[in-house]
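The structure under discussion appears below in the form of structure tokens.
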Amino acid sequence: MTTVPIPADWPTTEDEARAVQDELRARVVLDEPGPPPGTGHVTGVDVAYDDARDVVAAAAVVLDAATLDVVAEATAVGRISFPYVPGLLAFREIPTVLAALDALPRPPGLVVCDGYGLAHPRRFGLASHLGVLTGLPTIGVAKNPFTFTYDAPAAERGASAPLLADTEEVGRALRTRTGVKPVFVSVGHRTTLPTACAHTLALTPAYRLPETTRRADALCRRALREAVGPGAEHPAPPHQD
DNA sequence: GCGACAG
DNA sequence: ATCTTGTCGC
């Protein structure tokens, strides 16, 4: 586990954060097919918070894309770098997630984020942002439709319907379990929507959510418990003479 | 102005 | 995200 400082140039205000998104958005790559599902490695990232104690823990878990076996994992903890503001989630999660990815002993391959990529008010969600900063192919798989609309896909696993911002398709509502609420898939960086959906289906042999996010979720919660729970190190109290 | 709103 | 036990159902 590694400890992360908040970058000195990290945005402080919502206006600054939106300006960063508007600036970085031009660097998103949307014309690459991305890695084929079922090959190489796929990495899930997730974050857990203790707002009262100002602690955030992130986890990155690398799976073999063919077997879904865990082949590597890493965690990082830090201070909360931004409040939760819809549309600015990335500023709350990214510093710690980057540290967890950096701590991995091997390349992550495709990164699966808990949230959105293109499906974002300014078309630059967490998955897009993480992709631009790392250069890695990324996708977003979210549990809620945010502000977007969709028609219910057919009941069978694999069915999908466009996720719409007005008339623009920004992602897909994808059924990963028959008869269960869909997940909401969008492109992050260096991959396409069909590939993102195929990866999502390959990662959901048993549950609604991808194995990547399930493993990362469990690991970052454990890292948070260990960081704030009994036996955790306390920083030396600052004082003046 | 008010409400909704990824995690 | 997080607060939180049992419970209904396959």
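First the proteins, then the strands, lettered A, B, ... as listed; each starts at 1.
One can place NE2 of H120(A) at 11 Å from P of dA6(B), the figure rounded to the nearest angstrom. Distance, F146(A) CZ to dG7(B) P: 9 Å, rounded to whole Å. Distance CZ (R225(A)) to C1' (dT2(C)): 14 Å, rounded to an integer number of Å. Between the CG atom of D217(A) and the P atom of dG7(B) there is a distance of 11 Å, given to the nearest Å. Rounded to whole Å, atom C1' of dA6(B) lies 7 Å from atom CG of N144(A). For the pair Y116(A) OH and dC5(B) C1', the interatomic distance rounds to 11 Å; values are reported in whole Å. Rounded to whole angstrom, the span from the CD1 atom of I80(A) across to the P atom of dT2(C) amounts to 10 Å. For R92(A) and dT2(C), the CZ to P distance is 10 Å, given to the nearest whole Å.
Among the heavy atoms of the strands lying under 4.0 Å from L88(A) is at least one base atom, whether or not backbone atoms are also near. Here G87(A) lies in heavy-atom contact (under 4.0 Å) with a base. Using a 4.0 Å heavy-atom criterion, one finds that D46(A) contacts the sugar-phosphate atoms exclusively. Note on A119(A): nothing from the nucleic acid sits closer than 4.0 angstrom, heavy atoms only.
The side-chain ring of Y84(A) is stacked on the base of dG7(B), judged by centre separation under 5.5 angstrom and plane angle under 30 degrees.
By the 4.0 Å N-to-carboxylate-O rule, R214(A) lies too far from D46(A) to be salt-bridged with it.
Looking at S160(A) and R172(A), their side chains do bring a donor and an acceptor atom within 3.5 Å of each other. Judged by distance alone, the side chains of E93(A) and Y84(A) never bring a donor and an acceptor atom under 3.5 Å apart.
Figure legend: R18(A) and F124(A) shown without cation-pi pairing, the cationic atom not lying both under 6.0 angstrom from the six-membered ring centre and within 45 degrees of its axis.
If you check dG7(B), dC5(B), dT2(C) against the side chain of L224(A), the one that comes closest is dT2(C). Of the listed nucleotides (dC5(B), dT2(C), dA6(B)), dC5(B) has the atom at the smallest distance from the side chain of T147(A).
Under 4.0 angstrom from either OP1 or OP2 of dG7(B) there lies at least one side-chain N or O belonging to K143(A).
Here the two rings, on W10(A) and F82(A), have centers that are 6.0 Å apart or farther.
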